[in-house]
There are 2 protein chains.
Amino acid sequence: MGVDVQLGLNKGLFHRDPQETTLGKKIIESSIILIEDLGFEDFTFRKLAKEIGSTEASIYRYFENKHLLLVFLISWYNEWVNYLLEINSRNIFDSISKLETAIDSIADASLDLYTPSYINMQLLHHIVITESTKAYHTKRVDKENQEGLFLPVKILAEKLVALFEEINPDYPYPRLLASTLLEMANSQVFYAQHLKRLTDIEVEKEDYSQLKRAMKHTAFKLLGIEEM
Amino acid sequence: MGVDVQLGLNKGLFHRDPQETTLGKKIIESSIILIEDLGFEDFTFRKLAKEIGSTEASIYRYFENKHLLLVFLISWYNEWVNYLLEINSRNIFDSISKLETAIDSIADASLDLYTPSYINMQLLHHIVITESTKAYHTKRVDKENQEGLFLPVKILAEKLVALFEEINPDYPYPRLLASTLLEMANSQVFYAQHLKRLTDIEVEKEDYSQLKRAMKHTAFKLLGIEEM
DNA sequence: TATTAAATAGTAGTAATACTATCATAATAA
DNA sequence: TTATTATGATAGTATTACTACTATTTAATA
């Protein structure tokens with residue numbers, strides 16, 4: 001029941017679009033569970049195949065390798081955030097409110113209800129937090145970047161940059177601030193969960209209010225805006 | 001010729017301290033070259049053994065696995081930065097100058113001359129930039145954190161925190177700022193080299209002046225200090 | 001409804017990885 | 001000189017990351 005959103009993702013991510021078939025959706029669904037459970041390095045296509053009662057060969061018909069499956073998942077998440085950011089900022093015309101909404105959308109993306117049934121957004125969010133840097137810290141970055149595989153984050157960043165420039169056109173580091181905030185949204189949650197001495201925030205269950213406050217504080221301070 | 005510094009690192013990092021033997025030093029020296037060359041995922045102990053004319057078994061006598069070798073390298077780097085920070089801030093008593101010096105030390109750590117002959121600091125820096133998040137984004141974080149394997153970064157962060165508190169005791173996010181700045185020192189360089197749209201800075205060869213300016217700007221703005 | 005095409009399953013095999021174990025030999029220290 | 005320690009040499013195992021090929025099921029179309 002319910003309508004499943006399909007995101008149009010870069011075709012370089014897969015051989016066959018997993019969003020279009022039953023097996024494809026099962027691959028996505030179970031890979032999210034397995035990666036979260038085992039960690040990316042111990043996750044294998046063999047284990048995934050066993051989990052969904054299929055075969056390695058069948059999975060390879062969708063994804064060239066597990067690295068690209070990870071890039072796919074991260075891209076999916078970021079496209080989703082882009083989409084949220086778009087719809088949540090409708091009818092907001094004050095640029096400061098727009099930035100606040102953007103930060104809320106980024107931090108709370110996994111709490112939205114209208115994700116497809118085969119995607120456990122909470123788990124996917126957790127994967128983004130712990131594994132996403134591995135998607136681009138590789139020898140293939142330049143090649144994959146050229147193919148457009150990292151466009152979703154880059155677009156996300158540019159939306160923030162546009163807001164920063166609206167708010168304070170003289171701020172000298174809009175792109176740095178965008179990427180820093182996006183990283184912060186992941187790393188600070190990770191620290192809160194594993195390396196507490198590296199953060200001041202706490203995250204309980206799915207409550208990201210402290211994260212949001214810190215992100216807004218940082219953004220506004222750097223842009224030279226006094227918060228209310 | 002020259003005296004080689006030996007850093008006292010956590011014994012949980014290795015079976016046998018590689019800094020103490022000829023083979024150990026060769027392992028360090030060549031692993032830095034190989035990891036930088038192949039990327040961490042394609043780097044193997046077999047290739048390393050071949051490179052230094054030794055055997056896998058001998059390398060395993062030093063490191064339990066390549067993950068711990070990576071953690072060792074990152075720890076070494078961070079201990080080095082801690083050491084630099086210490087000696088460079090001697091005789092500086094103004095806390096703002098101390099912070100500036102700290103940022104300089106962090107960004108320029110790989111340019112220092114007095115590193116051991118078997119450690120190519122430029123390459124190691126590059127490894128830190130591209131591979132360091134992999135050292136702690138794993139299922140073993142909590143266990144390894146408990147064993148103290150990540151102490152070097154945490155100590156580094158606390159030194160920054162102490163400075164922030166000296167400069168502005170009311171700043172609400174000192175730990176977040178510390179970890180954010182430390183990440184920035186790596187990620188922004190990575191972006192400058194691979195994903196230019198995510199940064200405003202440029203890094204040419206080993207010139208990190210734009211990075212340092214951005215880090216200082218960020219730190220001072222957030223701490224509420226006007227720069228000169 | 002029969003025919004065809006597409007999707008999936010099943011099986012097998014290969015080169016490489018991530019180790020472990022054992023024994024021999026070389027270097028060093030007591 | 002004798003132990004001890006470090007390294008080398010060789011071999012072996014389970015698992016990974018694939019590729020290739022064939023058989024069967026499911027869905028689309030005529």
Side-chain angles (χ1 to χ4, degrees), chain A residues 6 11-31 34-35 37-73 118 131 134-135 138-140 143-144, chain B residues 6 11-31 34-35 37-73 118 131 134-135 138-140 143-144:
Chain A
Q6 264 204 36
K11 297 199 187 334
L13 292 166
F14 43 72
H15 288 314
R16 178 177 305 165
D17 191 340
Q19 296 175 107
E20 284 173 355
T21 68
T22 315
L23 180 60
K25 288 173 189 174
K26 277 210 287 190
I27 290 173
I28 302 302
E29 179 172 24
S30 296
S31 66
L34 265 187
I35 292 175
D37 192 36
L38 304 171
F40 185 65
E41 7 289 314
D42 288 346
F43 164 81
T44 69
F45 278 1
R46 177 170 301 226
K47 290 171 187 166
L48 176 58
K50 201 179 169 190
E51 180 77 19
I52 62 185
S54 180
T55 62
E56 274 183 278
S58 295
I59 294 168
Y60 276 107
R61 274 179 211 113
Y62 285 85
F63 293 103
E64 202 175 316
N65 50 53
K66 71 172 187 170
H67 164 72
L68 283 172
L69 168 54
L70 178 65
V71 179
F72 176 92
L73 294 176
Y118 58 95
E131 317 287 3
K134 296 171 193 166
T138 122
K139 279 285 156 189
R140 308 168 243 195
K143 190 180 139 278
E144 296 185 344
Chain B
Q6 264 204 37
K11 295 197 187 338
L13 292 167
F14 43 73
H15 289 314
R16 178 177 304 163
D17 190 341
Q19 297 175 107
E20 283 173 353
T21 68
T22 315
L23 179 61
K25 289 174 189 172
K26 276 209 288 189
I27 290 174
I28 302 303
E29 179 172 23
S30 296
S31 67
L34 265 188
I35 291 175
D37 192 35
L38 305 171
F40 185 64
E41 8 288 314
D42 288 347
F43 165 82
T44 69
F45 277 3
R46 178 170 300 226
K47 290 171 187 166
L48 176 57
K50 201 179 168 190
E51 180 76 20
I52 62 184
S54 179
T55 63
E56 274 183 277
S58 295
I59 295 169
Y60 276 107
R61 281 183 201 109
Y62 284 84
F63 292 103
E64 204 175 316
N65 51 51
K66 70 173 187 169
H67 164 73
L68 283 172
L69 169 54
L70 178 65
V71 180
F72 176 91
L73 293 176
Y118 59 94
E131 317 286 4
K134 296 171 193 168
T138 126
K139 278 286 154 188
R140 311 169 240 196
K143 191 181 137 279
E144 295 184 345

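Per chain, numbering begins at 1; letters A, B, ... match sequence-line order. What's counted below: heavy atoms across the whole structure, side chains too, no hydrogens, waters or symmetry copies.
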Separation of D:dA17 atom P from B:Asp42 atom CG, nearest Å, is 11 Å

With a 4.0 Å cutoff (strictly under), does any side-chain N or O of B:Ser54 reach OP1 or OP2 of D:dT7? no

Between atom CG in B:Leu48 and atom P in C:dT17, what is the gap in whole Å? 13 Å

One thing to verify: whether B:Glu41 and A:Lys134 come together as a salt bridge, which I'm taking to mean a side-chain N less than 4.0 angstrom from a carboxylate O. no

Rounding to a whole Å, what distance do you find between A:Lys50:NZ and C:dA9:P? 16 Å

Ignoring backbone atoms, establish whether B:Arg16 has a side-chain N or O less than 4.0 Å from OP1 or OP2 of D:dT5. no

Provide, to the nearest angstrom, the distance between the CD1 atom belonging to A:Ile27 and the P atom belonging to C:dA7. 13 Å

Report yes if the side chains of A:Tyr62 and A:Leu23 come closer than 4.5 Å at any heavy-atom pair, otherwise no. yes

So, is B:Lys47 near the phosphate of C:dT17, with a side-chain N or O under 4.0 Å from OP1 or OP2? yes

A:Glu41 vs A:Ala57, nearer the 5' end of DNA chain D by closest nucleotide: A:Glu41

Which of the following nucleotides, C:dC19, D:dT7, C:dT11, is nearest to the side chain of A:Thr55? C:dT11

Report yes if at least one side-chain N or O of B:Lys66 is closer than 4.0 Å to OP1 or OP2 of C:dT17; otherwise report no. no

Do the side-chain N or O atoms of A:Tyr62 get closer than 4.0 angstrom to the phosphate oxygens (OP1, OP2) of C:dT8? yes

Give one of base, sugar-phosphate or nothing for A:Phe45, where a contact means two heavy atoms less than 4.0 Å apart. nothing

If you only use heavy atoms from C-beta on, which nucleotide in C:dA18, D:dA17, D:dT7 is closest to the side chain of B:Arg46? C:dA18

Please determine if a side-chain N or O atom of A:Arg61 lies less than 4.0 Å away from the OP1 or OP2 oxygen of C:dT8. no

Quick check: do A:Ile28 and A:Gln19 have side-chain heavy atoms less than 4.5 Å from each other? no

Rounded to whole Å, CD1 of B:Ile52 lies from P of D:dA9 at a distance of 12 Å

N/O (side chain, A:Ser58) to phosphate O (OP1/OP2, C:dA9) under 4.0 Å: yes

Between atom CD in B:Glu56 and atom C1' in D:dG12, what is the gap in whole Å? 12 Å

Interatomic distance, B:Tyr60 OH vs D:dG8 C1' [rounded to whole Å]: 17 Å

Taking the inter-plane angle between the rings of B:Phe40 and B:Phe43 on a 0 to 90° scale, is it parallel (under 30°), tilted (30 to 60°) or perpendicular (over 60°)? parallel

Which atoms form the tightest heavy-atom contact between B:Ile52 and B:Lys26, and what is the distance? O-NZ, 3.7 Å

Nearest-Å distance, NE2 (A:His15) to P (C:dA7)? 14 Å

